[in-house]
Amino acid sequence: MLKELCLLNGASGREDAVREFIIAQIKDYCEYSVDSLGNIIAFKKGAVEPENRLMICAHMDEVAFIVNYITDDGYLKISPVGGVDPRVVVGRRVTVNGINGVIGSKAVHLLSDDEKKKAPDFEKLYVDIGAVDRKQAEKYVSLGDTVYFNSDFLEFGNGYVKSKALDDRIGCYLMIKLIKSKIKHSTYFCFNVQEEVGLRGAECSAYTVNPDVSLILEATTAADLNCVSGADRCCVLGEGPVISYMDRHTIYDKELYSSAMNCAAEIGIKAQTKTRIAGGNDAGAVQRSGNGCRVLAVSLPCRYIHSGASVVKKSDIEQTEKLLKAYLERIYD
């Protein structure tokens, strides 16, 4: 199921295929509705009706690109949808409207000395779809069309997985698994849109649900590489779920943070936190919604995030599933 989710295309504001897939998975296990922005708001009845309302969130959208110009030679000029570093896209295979292409830039032997010292920005990149001129390109592509990484889903090494869109289809996957399982407390599950362009969907779904407590399931930046040491490694693949105390958008609830860490220790699974204050997720919008909401983020450590080749470890997924099941049993204790 994770493979199917990741290989679906669903940029911010274009989550239709992902939404349809998720609805097909959950429709027999819960009540659900789709709001005007495109969020799925699902309600799973549990054995106990809690006094405080709990909402679990993940976002459906992925980073991608949008076509903003077609040159006379038939090349597509693009802008990023979400936080994509231009250094990770040169030479990448992409697809637009089912048409294959490659993101290109000026050949290295034609660069000036100054140009060689810095990465090209998006204004100097283009998508080559093999068109001979603008007229031919316009038969297949229009301004405003979405360009996606054309990436396979690959298992490699000692339990590693590489794919596009692991941020945050992995959170959607975990939520689907929870909805299909028996849960102790009645819970809202929100599959949000447009997280990558400013937490927009979460702002709307949180207003609708008006939760007291919210758990955000995410993927987060890991930098456990040979050239990185100390706090700059941020978090590490193979060391279990990442439970955050703060990021650029949110200071997480201290009691929820401590109880999640204690739960992991009690059930004997690995858990870690981030050693850099970086990134952000839907918690930044949920925390400030309505009368305010206590929030906690549980994330999968992910290398090369926001690229066409993000990497996670399967053992971290398994450990996160175990933590979520145990934690949701005792979240109100």
Side-chain angles (χ1 to χ4, degrees), residues 3-21 37-38 59-154 162-169 193-198 200-201 304-310:
K3 177 180 179 179
E4 290 180 89
L5 278 165
C6 288
L7 293 182
L8 291 169
N9 289 329
S12 304
R14 305 288 186 270
E15 299 92 348
D16 307 64
V18 184
R19 181 167 49 248
E20 291 172 9
F21 178 89
L37 203 60
H59 67 88
M60 295 184 284
D61 57 316
E62 64 187 284
V63 297
F65 314 92
I66 196 164
V67 179
N68 54 29
Y69 187 71
I70 301 174
T71 71
D72 291 340
D73 295 328
Y75 297 108
L76 315 180
K77 304 296 290 184
I78 56 172
S79 294
V81 178
V84 187
D85 189 327
R87 289 172 293 187
V88 305
V89 304
V90 176
R92 290 288 184 182
R93 295 164 50 211
V94 293
T95 181
V96 51
N97 299 336
I99 304 297
N100 291 324
V102 176
I103 296 180
S105 64
K106 187 191 295 186
V108 65
H109 59 277
L110 299 179
L111 298 176
S112 67
D113 290 340
D114 287 340
E115 287 175 322
K116 290 178 182 179
K117 294 176 183 178
K118 57 184 180 180
D121 56 32
F122 278 99
E123 291 182 357
K124 296 181 180 179
L125 301 179
Y126 55 85
V127 176
D128 183 350
I129 60 169
V132 297
D133 55 26
R134 177 186 291 172
K135 185 177 180 179
Q136 187 179 46
E138 287 177 339
K139 292 180 180 179
Y140 306 100
V141 180
S142 300
L143 301 187
D145 286 346
T146 307
V147 179
Y148 293 95
F149 287 114
N150 188 353
S151 171
D152 55 358
F153 186 97
L154 174 69
K162 164 258 171 186
S163 180
K164 75 173 182 68
L166 284 164
D167 172 19
D168 184 30
R169 304 291 161 71
V193 299
Q194 299 193 42
E195 188 268 357
E196 298 291 4
V197 290
R200 298 173 187 175
Y304 326 123
I305 204 166
H306 284 198
S307 76
S310 297

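Residue numbers run from 1 in the order of the sequence given. For clarity, every value in this text was computed on a predicted model and none was experimentally measured.
- Minimum heavy-atom separation, V197 to G82: CG1-N, 3.8 Å.
- Expressed to the nearest 0.5 Å, how far CG of N9 lies from CG of D61 amounts to 12.5 Å.
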Step-by-step salt bridge (charged side-chain N to carboxylate O under 4.0 Å, His left out) determination, K124 to D121: CA-CA 6 Å; K124 296 181 180 179; D121 56 32; 5.5 Å; no
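- With rounding to the nearest 0.5 angstrom, the CZ atom of F21 is 10.5 Å from the CZ atom of R169.
- Under the 4.0 Å criterion applied to side-chain N and carboxylate O atoms, K162 and D152 are assigned as salt-bridge partners.
- Taking 4.5 Å as the limit, some side-chain heavy atom of Y148 sits within range of a side-chain heavy atom of R14.
- Of all heavy-atom pairs between L166 and S310, the closest is CD1-O, 3.4 Å.
- Of all heavy-atom pairs spanning A137 and G74, the tightest one is CB-O, 3.8 Å.
- Here CG of D73 is found 9.5 Å from CZ of R134. Values are rounded to the nearest 0.5 Å.
- A distance of 6.5 Å separates CD1 of I129 from CD1 of I99, quoted to the nearest 0.5 Å.
- Using a 3.5 Å distance cut-off with no hydrogens or angles, the side chains of D85 and H306 do not pair a donor with an acceptor.
- Side chain of R200 to main chain of L37: no donor-acceptor pair is present (N/O by atom type, distance under 3.5 Å, no hydrogens or angles).
- Of the inter-residue distances, the one linking Y140 atom OH with L76 atom CG reads 13.0 Å to the nearest 0.5 angstrom.
- Between V193 and R19 the shortest side-chain heavy-atom distance falls below 4.5 Å.
- Between the side chain of R92 and the backbone N or O of G308 there is no donor-acceptor pair closer than 3.5 Å.
- S307 and V88 make their closest contact through CB-CG2, 4.1 Å (heavy atoms, listed as atom of the first residue, atom of the second, distance).
- Using cut-offs of 30° and 60° for the angle between ring planes, the F149 and F65 rings count as perpendicular.
- Residues I78 and V89 form no side-chain contact, since every pair of their non-hydrogen atoms from C-beta on lies 4.5 Å or further apart.
- The two atoms that bring G130 and Q136 nearest to each other are O-OE1, 4.1 Å, heavy atoms only.
- Counted within 6.0 Å of NZ on K3, heavy atoms from surrounding residues, nucleotides or ligands total 12 or fewer; the atom is thus considered open.
- Using a 4.5 Å heavy-atom cutoff, the side chains of S79 and F122 are not in contact.
- The two residues L7 and S151 make their nearest non-hydrogen contact at CD2-O, 3.3 Å.
- K135 and D133 are not joined by a salt bridge, as no carboxylate oxygen comes within less than 4.0 angstrom of a charged side-chain nitrogen.
- N150 contributes no side-chain N or O that, together with a main-chain N or O of R93, makes up a donor-acceptor pair within less than 3.5 Å.
- Checked against a 6.0 Å centroid threshold, the rings of Y75 and Y69 do not count as neighbours.
- Side chains of H59 and E15: no donor on one and acceptor on the other come within 3.5 Å.
- Within the model, atoms CG of L8 and CD of E20 stand 9.5 Å from one another, a figure rounded to the nearest 0.5 Å.
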